[in-house]
Amino acid sequence: MILDPLRDLNPQQKSAVEYLDGEQLIFAGAGSGKTKVLTHKIAYLIKSGIVRPDNILAVTFTNKAAQELRNRVEKFVEKQAGFIHIGTFHSICARILRKEIEHLGYSKYFSIYDESDQRQLIKKVISDSNIDLEGFLPKNVLSRISYLKNWLTSPEDFKPRPGNRFEYIVEGLYPLYQKALKRSNAVDFDDLLLLPLKLFDKEPKLLEKYRLRYQYILVDEYQDTNKPQFLFIDLLAKKHRNLCVVGDDDQSIYSWRGANIENILKFDAQYPECRVFKLEQNYRSTNNILKAASGVVANNINRVKKELWSRKSDGDLLIKIEAESDYDEAAKIAVNIRQEILKKKRTFKDFAILYRTNAQTRILEEILRRNNIPYNIIGGVKFYERKEIKDILAYFSVLSNPKDDVSLRRILNFPPRGIGKQTLSGIDAFAVKKQLTLFEALNHVDFLELSKRSKKAVQEFIDMIKRIDDSKEKLAFEEWTRIIIDELGLRSYYKEQGGEESIQRLANIDELLNDISEFCTTVEEANLEAYLEKVSLLTNIDVWEDEKNTVSLMTLHSAKGLEFPVVIICGLNQGLFPLDRDNSEKAVEEERRLFYVGLTRAMEKIFLSSAQVRNRAGEMQYLPDSIFLSEIPKELIEVESLREGVIASKRRRYSRRNTSEVAYQGTDMPTRRKTAVRGSIVSHKIFGVGKVIEVNGMGDGAKLHINFQSCGTKVIVAKFVQVK
DNA sequence: GACCGTTCTCTTTTT
DNA sequence: GAGAACGGTC
């Protein structure tokens, strides 16, 4: 059945769908049918014959969302949906670059470097450059470079602030890093967005071409676009002025990676003739949930005021879980999930457990497993980041782009083939001297002063790569991968090694091959480059098997755009959520928006948990409840602490023995000395009770600034106070 | 050159 | 508590 895109919409949605006179901003509150509007709008454009499907560009936040959007549009326009350009910013830009990057002096087989590739590269750049990091970390340098790129500061433009040592180091390394990337024919995630801008600037004809192609542009999650993304869209839309952006300033949670909330807040200033639409009717959550979420986000100053409302009933109160420790927190979550399933006839996939940091998954995982609750972790240690998988992908990269030094370095001597440190540094020196890539240098092995054995090893490696490269032309991609994995000797290496770990790795290699098979059956042009691109642009959510009946575990960031009947937000402790890195009001506002995102994921029920003690980075920390808990109107929250089932298990002991067999049985943790953190309540023999306001140093010797009730602020060494 | 055990550091979120 | 880096041994 073919549907009508103007039906089943509320009046606000309908007018947003129908509006076609220039730039358009849709403020879409959580759960207000944003995807529906996008779907209907695209369908409307196509059905009414206003724009051809291949002249539409729709930008989504994940590849999964792109797929979903396409499927939903298909219900209206059938096969035509296949022609729409839909994707994330990164994948759309990658596609453009694959075609056009030669104008910028790269080859079209460029590699896309992920974080670990970038780290390897910057380390190499640092060691080749003799620049002293003075205690700063490669990671710090990278994140500053990324920040500069996100704000369009080129290596030439960047001027360090006088006296700022770090910025002088960055000034030295940034241009070298950029050169190294280019020499490796590689781009990082930031380049993916920047290079199209360069391209359009350098080749106006190309800009024209893409303007003609993308006559109608729609952008989802506009509140999280950064400057390059804004410019990309602005450039493309300038001519036809058919731009529709959808977003919610209350859900802007990526400012730390350059997202600029001003893009949405100042949209009307940017495009004076634009029309603004607001969608405020929520179809997702009960009223209690909405009231709680609104109450929280109302504490933010910098926002556009809007009032979400729902025709749904009040529903259940929010439930606060008070736990003694992080283990106890996980156990209580498990008990509550079981109870909900029993009493409310829910099923595992109705639940999502959301947290601020990935590190929190470990304990949750352990406890859920012991309670036989099936779960599914989104993000965390990713499949494609495992060593054995990364190694294979590195081989793929080298075979596609021989200039990719980082990948070549990774696999040159793995599995071990006699090209060790000595040999490598000899080749390396030669490469640096002659300005060659590592692979080119390997080809000149005869000129190098190396032992006979080393030369032979290198020659054998080169011959193998050439052999495999030849076979690439002759075989279909899938068949080729199966053959070369054996030829590379990775399987036999792990088989020889033996042990649990090797078995797991071999299984992962098989899983990769399965993934490739699946890729080949679902993608039309399945080849090496397409596969590498898919893998490097995958988002966390893309790999989520949402049809499985399991509880979903993910960070609050990953949960954006999703919904679940029951949402459990854990770790609501001051210092963890909001995370205390930078206590500026701006940072707290973003954390609060993140909490708002979490709350508004829920359709029917919310559990909020905090734990008094948590193990953080190997240390026990006592953290007070999150301020966010106090921002929820009191009458909407019910404290759980006395519910049956939890209490029954409370007196039993927690045992470290038989950890794999025994279910978690209580709340007692192995005791450890308590550590004072900011906010801890401590007592001192003479001064009495006080609150820690600052901590300098670590362990027993840390100097604590304590505000005592009796006598004001004093500085005391940690070992003289007791943490309550 | 490979391997193994130890020390050290660093802990946000992700395309 | 995990991963990387380092240093020592075979």
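Throughout, a chain's letter reflects where its sequence line sits, starting with A, and its residues are numbered from 1. This one's a predicted model, so the numbers in the text were calculated from it and none came from an experiment.
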Geometric cation-pi criterion, A:K387 with A:F414: 6.0 Å, 45°
yes
Which residue lies toward the 5' end of DNA chain B, A:G420 or A:T555, if each is placed at its nearest nucleotide?
A:G420
Pairwise C1' distance, C:dA4 and B:dT13 [rounded to whole Å]:
22 Å
Could you list, one pair per line, each protein nitrogen or oxygen that sits under 3.5 Å from a nitrogen or oxygen of nucleotides 5-9 of chain B, together with the distance?
none

Could you work out which one of B:dT12, B:dG1, B:dT15 sits closest to the side chain of A:S454?
B:dG1
Give a yes or no on whether the backbone of A:L194 and the side-chain of A:D191 come within a donor-acceptor separation of less than 3.5 Å.
no
Answer with base, sugar-phosphate or nothing: what part of the nucleic acid does A:S91 contact at a heavy-atom distance below 4.0 Å?
nothing
A:N63 has an atom CG; how far is it from atom P of B:dT14, in whole Å?
15 Å
Between B:dT15 (C1') and A:L532 (CG): distance, integer Å
17 Å
Main-chain N/O of A:G571 paired with A:E329 side-chain donor or acceptor, under 3.5 Å
yes
Specify whether A:F564 and A:W544 have parallel, tilted or perpendicular ring planes, treating 30° as the upper limit for parallel and 60° as the lower limit for perpendicular.
tilted
Candidates B:dT12, B:dT15, B:dA2 - which lies nearest the side chain of A:N413:
B:dA2
Could you state the atom-to-atom distance from CE of A:M620 to C1' of C:dG1 in whole Å?
13 Å
Relative to each other, are the rings of A:H557 and A:W256 parallel, tilted or perpendicular (30° and 60° limits)?
perpendicular
Could you run down the sub-3.5 Å N/O contacts of the protein with nucleotides 5-8 of chain C?
unit_1, atom_1, unit_2, atom_2, d
C:dA5, OP1, A:K123, NZ, 2.3

Any idea which of B:dT14, B:dT12, B:dT15 is nearest the A:L579 side chain?
B:dT12
What is the distance, to the nearest angstrom, from the CD atom on A:E115 to the C1' atom on B:dT14?
8 Å
Could you state the atom-to-atom distance from CZ of A:R616 to C1' of B:dC10 in whole Å?
12 Å
Modelled atom types, side-chain donor and acceptor of A:N376 and A:S552, under 3.5 Å
no
If I take atom CG in residue A:D542 and atom C1' in nucleotide B:dT14, what distance separates them, rounded to the nearest angstrom?
12 Å
Tell me whether A:E221 contacts the main-chain N or O of A:V246 through its side chain, where contact means a donor paired with an acceptor under 3.5 Å.
no
Stacking of A:W256 on B:dT13 base (centres under 5.5 Å, planes under 30°)
yes
Ignoring hydrogens and geometry, is there a side-chain-to-backbone donor-acceptor pair from A:S536 to A:L532 under 3.5 Å?
yes
With a 4.0 Å cutoff (strictly under), does any side-chain N or O of A:R257 reach OP1 or OP2 of B:dT13?
no
5' priority, DNA chain B, between A:N540 and A:R453 [closest heavy atom]
A:R453
Students often get this wrong, so: under 4.0 angstrom with heavy atoms, is A:Y254 touching a base, only sugar-phosphate, or nothing?
sugar-phosphate
Would you call the rings of A:F189 and A:H90 parallel, tilted or perpendicular if under 30° counts as parallel and over 60° as perpendicular?
perpendicular
Send over the distance from A:E590 CD to B:dT14 C1', rounded to a whole Å.
12 Å
No-hydrogen, no-angle side-chain donor-acceptor test under 3.5 Å, A:Q621 and A:R614
no
Could you tell me which residues satisfy side chain to side chain donor-acceptor pair (under 3.5 Å) with A:D625, sequence neighbours excluded, listed by chain and number?
A:K320, A:S610
In whole angstroms, the gap separating C1' of B:dT13 from CE of A:M554 amounts to 14 Å
Nearest to side-chain heavy atoms of A:T423, which nucleotide of B:dG1, C:dG1, B:dT12:
B:dG1
Which nucleotide in the set B:dC3, B:dT12, B:dT15 lies at the smallest distance from any side-chain heavy atom of A:Y493?
B:dC3
Below 4.0 Å: OP1/OP2 of B:dT14 and any side-chain N or O of A:N358:
yes
